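Residue numbers begin at 1 in each chain, while the letters A, B, ... track the order of the sequences. Keep in mind that what you see is a predicted model, and the values were worked out from it rather than measured.
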Protein chains: 2
Amino acid sequence: MIGQQRSYGRRVLLAAIRQNSPIARIDLSEQTGISRATVTTVTAELIRAGLVEEVAAQGTEMARGRPRVDLKIRGAAHLVAGIKIANSSLSLVLMDFEGNQLAEHSHLLSRTTLGTDALVAELATALGDMLAPLGKAISDLSGAGIGIAGIVDVQQGLVHWSPSLSDRNINLRSAIEAALGVPAFVDNDANLVAMAEKRFGLGREATDFIVVTIESGVGMGIVINNEIYRGTRGCGAEFGHTKVHLDGALCRCGQRGCLEAYVADYALLREASVTHSTDALAEGASDEQRIEALLQRAHDGDPVAGNIVLRAGRMFAMGLANIVNIFDPQLIVLAGERMQSNHLYAEEVIAGIKNSIVQVDQPPPEVVIHRWGDLMWAKGAAAYALEGVEEMAVEALRAGEG
Amino acid sequence: MIGQQRSYGRRVLLAAIRQNSPIARIDLSEQTGISRATVTTVTAELIRAGLVEEVAAQGTEMARGRPRVDLKIRGAAHLVAGIKIANSSLSLVLMDFEGNQLAEHSHLLSRTTLGTDALVAELATALGDMLAPLGKAISDLSGAGIGIAGIVDVQQGLVHWSPSLSDRNINLRSAIEAALGVPAFVDNDANLVAMAEKRFGLGREATDFIVVTIESGVGMGIVINNEIYRGTRGCGAEFGHTKVHLDGALCRCGQRGCLEAYVADYALLREASVTHSTDALAEGASDEQRIEALLQRAHDGDPVAGNIVLRAGRMFAMGLANIVNIFDPQLIVLAGERMQSNHLYAEEVIAGIKNSIVQVDQPPPEVVIHRWGDLMWAKGAAAYALEGVEEMAVEALRAGEG
DNA sequence: CTGATTTAATTTGATTTTCAAATTAAAACT
DNA sequence: AGTTTTAATTTGAAAATCAAATTAAATCAG
């Protein structure tokens, strides 16, 4: 409607079909406010293009009158991959256009930090390995979403800096598109979790919510008005580095008082080392094992361990309360897989949030814990790719018709 | 384009004309991506409706070819009032449709907290007093924007709670519309400052920015994607109650560690009372005088006073840094009139922010201090009314044409 | 089993919105 | 006075949409 007459209707209807999956035309008209006549015309076009298909109306048993015919996204229309570039591995997922997971794959990286070309090469290998058993090739993909830690300029596909890349200011999108011959969509990994929640998780119903992830650091994704909010320099949502104490504990980032410096593994271990330094566990044990031992000890009533863990939880609650006080979201999702974060997901922590937010008549936002597997990130990447591919498909439709 | 065919184009073009004030049709086409033909048609319509007018093209001296004809909003099209309900007074401003200030007025309230009817009555009186000298009546207004402290549901015009109202859960919009016979637009006062900055101030060029105000409390307005972000329960942006210290200083709100409990007047005085309790200034002096004395003393090198003020500044910087870490805005505007906030607006504070935000290659967001007069709030209210009236005008256009 | 009823979807014919290309307008150069 | 240049408008067509009428596919009632 703006600019060259572009098919805003197509876009809206396709999105509505996706979100309300099996939905009859009459309900689409109701929902979007677009007339039934137009819904018929446009959906016919979408069906003709293969993006949408009819399914036998089900559910409401035998109502009177002409039965409604449900529409849904046609999964076979496109194939996308989602790839998360993690510390020392890649995790991949394959999805159809409907969002059904068709395959998953995991790939160990030769090194933690790689050059661009090497990384892209490993990426291509991993993709091939995932696709081969299905008799598919990379060229069958309509798009690939890539999640990477660091500072990413989404518009340009530029990775300013990432722990996984030895180069700086690399246009990872171009590099991947050149190597794979497939449209690539690159984003910061925290945003991808938010996207995963938006499309597949607890954020499906919400328009404004926040996703917090705990891995080695603390990440955050912000969804405002159904869209990822990325900040203006691509470095927003640095929840882990919000300050919770003036001149507080030293953080990996070099600053003091960051939330991360109170809740991250290294923070807990740093504290534990003061009193438990002579522990058997301290020698030769991995960080993970030591954390586990600390948490166990806290659970068993060790006062010092308990104190360490308690403070972490209280700081975490304070940080989350600040988010609520600033954003007033509908929902906060604590997404993660690690049982090691149990202490941060405890009842007391959630309750602590409620005590630190501004009190109004209305109930506080829901805080929910969502335990995903490792694939969460990759699924988010796939969701991102689906978004991009959908956009391209609608665009193609417009061009094709003209 | 969605729903009944509504004139999205009209809306877009009117907004573009407003934002780029004197602008030729060809530039409008360029900017909005709408074809020149459509720009001609739509602007003709807007001119016919009296919302827009042509002005002799100026600026570019005598270029070759047919000279461009600039368009601008026609001020005379509508008249709006902006009203800020403050502690013990109303401040009002009168604006034309172009945003030119035509009059201002100030009105003392009989009491700090009033019943709805009494407040509305005083409001009508004040409005009348402002309009009378101009030979205008309230019925000449196309809308009135009202800013009030407290929890406001903008959608419904409901004031859940406000220090200025003795009643709770009042539909202030209905009450005012009934009394004045003019469309009313009610919002939280912090949001209005953001709107004032967006339309008349430093936020004109920015799409994502934050406005922080210091009065008796600390307020914040958030602009995301050119729109006020209000949170989902109407209680977001409570910057003053973000926690900056676990189990910290007691706040008026009853919680501990709120930023306000470190930077507000009462917080400074609380600290000062510990050591300066026997001061001449402490007896019989007003709070304002005592604050002034404290700041003066800090400035003169008194170590205790200096320490009190220093901490307030550092806490303030920390709070702002957290906003940057979360939002990554283009711009932070510190808006206020009070010289008493000088210590919070000091160089050191601004520098302190930069030391607490996540470091990236790109420069940190600008932090600017904008000293407005008392009218800032009322102007914001007027800006809000203008937004509403513009919306109504476009809507009327659509209905009228059909 | 047949026709009435009900509801969903489509078709019809018109209207609105928009655009590209051609045309006109208004100025400065030559 | 004619040429050039640029802005704005007009023209004719295409695209998008809608309200109302029609058709389709089912159940219900007798």
Side-chain angles (χ1 to χ4, degrees), chain A residues 1-14 17 22-48 52-71 394-395 397-402, chain B residues 1-14 17 22-48 52-71 394-395 397-402:
Chain A
M1 160 136 276
I2 198 179
Q4 325 89 324
Q5 58 245 57
R6 52 181 69 153
S7 173
Y8 187 68
R10 283 195 268 260
R11 220 171 292 254
V12 169
L13 282 171
L14 189 56
I17 293 172
I23 184 172
R25 281 170 250 250
I26 194 165
D27 293 329
L28 276 174
S29 169
E30 183 87 4
Q31 266 222 3
T32 60
I34 295 172
S35 76
R36 272 178 270 165
T38 306
V39 169
T40 293
T41 316
V42 173
T43 54
E45 202 179 14
L46 293 173
I47 291 171
R48 197 158 4 98
V52 166
E53 62 189 357
E54 296 189 337
V55 284
Q58 47 187 355
T60 45
E61 267 309 317
M62 305 291 133
R64 237 178 135 179
R66 178 174 176 172
R68 31 188 66 192
V69 180
D70 278 347
L71 300 175
V394 173
E395 195 60 24
L397 212 63
R398 184 172 78 79
E401 295 290 314
Chain B
M1 161 137 277
I2 199 179
Q4 324 90 325
Q5 56 243 60
R6 54 180 68 154
S7 174
Y8 186 68
R10 284 196 267 260
R11 219 171 293 253
V12 169
L13 282 171
L14 189 56
I17 293 172
I23 183 171
R25 281 171 250 252
I26 193 165
D27 293 329
L28 275 174
S29 169
E30 183 86 6
Q31 265 221 4
T32 60
I34 295 173
S35 76
R36 272 178 270 165
T38 305
V39 169
T40 292
T41 316
V42 173
T43 53
E45 202 178 15
L46 293 173
I47 290 172
R48 197 162 0 99
V52 166
E53 62 189 356
E54 297 190 335
V55 285
Q58 48 186 354
T60 44
E61 268 311 315
M62 305 290 131
R64 238 179 134 177
R66 177 175 177 170
R68 33 186 69 190
V69 180
D70 279 347
L71 300 175
V394 173
E395 194 59 24
L397 213 63
R398 183 172 79 79
E401 294 291 314

Atom pair distance, as rounded to whole Å: CG in A:Leu71 and C1' in C:dT10: 14 Å
Looking at the side chain of A:Thr40, which of C:dT5, C:dA8, C:dT10 is the nearest nucleotide? C:dT10
Taking only N and O in the side chain of B:Arg68, is any of them less than 4.0 Å away from OP1 or OP2 of D:dA8? no
Note: for A:Gly65 and A:Thr38 on DNA chain D, the residue whose nearest nucleotide lies more 5' is A:Thr38
Is the shortest heavy-atom distance from the side chain of B:Glu395 to the side chain of B:Arg11 under 4.5 Å? yes
Between CD1 of B:Ile26 and P of C:dA27 the distance, given in whole Å, is 16 Å
Measure the distance from CD on A:Glu54 to P on C:dA8 and round it to the nearest whole Å. 15 Å
B:Arg25 CZ to D:dA7 P, in whole Å, measures 13 Å
Between A:Ser29 and A:Arg36, what is the shortest heavy-atom contact and its length? OG-N, 3.5 Å
Could you tell me how far apart A:Asp70 (CG) and C:dA9 (C1') are, to the nearest whole angstrom? 13 Å
B:Arg25 and side-chain contact (heavy atoms from CB on, under 4.5 Å): which partner among B:Ile17, B:Val39, B:Asp70? B:Val39
Taken to the nearest whole Å, CD1/A:Ile34 to P/C:dT10 is 15 Å
Any idea which of C:dC29, D:dA19, D:dT11 is nearest the B:Ala37 side chain? D:dT11
Under 4.0 Å from OP1 or OP2 of C:dA21: is there any side-chain N or O of B:Arg36 that close? no
Phosphate contact (D:dT27 OP1 or OP2) by A:Arg66 side-chain N/O below 4.0 Å: no
Atom CD1 of A:Ile23 and atom P of C:dA9: how far apart are they, to the nearest Å? 10 Å
Could you check which of D:dT17, C:dA20, D:dA7 has an atom nearest any side-chain atom of A:Val42? D:dT17
Identify the residue among B:Val42, B:Thr43, B:Leu14 that makes a side-chain contact (heavy atoms from CB on, under 4.5 Å) with B:Val52. B:Leu14
Out of C:dT5, C:dA9, D:dA8, which has the shortest distance to the side chain of A:Arg64? C:dT5
Atom OH of A:Tyr8 and atom C1' of C:dT17 are separated, to the nearest Å, by 16 Å
First locate atom OG1 of B:Thr38, then atom CZ of B:Arg10, and finally report the distance between them rounded to the nearest 0.5 Å. 12.0 Å
